[in-house]
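Presented below is the structure to which this report refers.
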Amino acid sequence: MSPTLDQVFAALADPTRRSILTMLLEDDMAVTDVAEPFEMSLAAISKHLTVLTAAGLISQEKRGRVKWCKLEPDALKAASVWMQGFGQFEPVNLDAFERFLALELPDTAPPGALDGD
């Protein structure tokens, strides 16, 4: 079953989950690396990752003994199409979205995110 628009927006509503998505814009990451910058337990991060996975925003796969997370940017397409229906929004540009998040959440921005690379 594909994720609903409600699941996508609910997942995006949390600042920790938005920070995780920003981190994953750079590259796939191990769960332990995702958890590192946050002051919360690995179990709490795992719950956030479960929500992001259920919304289709990320995928997780086990490689050996390590679980990896990967951004699934196409999951934002339905939300973008819905917002375009109001005629006030442009399609989601993930590079611009990353820059926006880096400016809004500078403490959690990945290195180089503010450089416009």
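Here, residue 1 is the first one in the sequence, and each next residue gets the next number.
Contact annotation: the side chain of Trp68 never approaches that of Val31 to less than 4.5 Å [non-hydrogen atoms, C-beta and beyond]. Taking the side chain as every heavy atom from C-beta outward, Leu71 and Leu57 never approach each other to under 4.5 Å. Between Ser59 and Thr53, every side-chain heavy-atom pair lies at or beyond the 4.5 Å cut-off. When side chains are defined from C-beta on, Lys77 does not count as touching Trp82, because their heavy atoms never get closer than 4.5 Å. In this structure the side chain of Leu12 reaches within 4.5 angstrom of the side chain of Val8, judged on heavy atoms. A heavy-atom distance below 4.5 Å is not found between the side chains of Lys70 and Ile58. Side-chain contact between Pro37 and Met23: present, with at least one pair of heavy atoms (C-beta onward) separated by less than 4.5 Å. The shortest distance between side-chain heavy atoms of Thr32 and Val66 does not fall below 4.5 Å.
Leu49 and Met40 fall within the same hydrophobic cluster, where Ile, Leu, Val, Met, Phe, Trp and Tyr residues are linked whenever their side-chain heavy atoms come under 4.5 Å apart, directly or through other members. Cluster membership for Val81 and Phe9, using ILVMFWY side-chain heavy atoms within less than 4.5 angstrom, is not shared.
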- Task: Show the numbers, then the answer: is there a side chain to side chain contact (heavy atoms under 4.5 Å, CB included) between Asp14 and Val51?
- Result: CA-CA 10 Å; Asp14 185 273; Val51 171; over 6 Å; no
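A distance of 4.5 Å separates NZ in Lys67 from CD in Gln60, rounded to the nearest 0.5 Å. Atom CD1 of Ile20 sits about 8.0 Å away from atom SG of Cys69, to the nearest 0.5 Å. One distance of note links OG of Ser19 with CZ of Arg17; it measures 11.0 Å at 0.5 Å rounding. The OG atom of Ser80 sits 11.0 Å away from the CG atom of Asp74 when rounded to the nearest 0.5 Å.
Remark: Asp28 engages Arg63 in a salt bridge, criterion side-chain N to carboxylate O under 4.0 Å.
Contact detail for Ala55 and Ala75: the closest heavy-atom pair is O-CB, 4.2 Å. Contact between Ala79 and Leu5 at its shortest, heavy atoms only, is CA-CD1, 3.5 Å.
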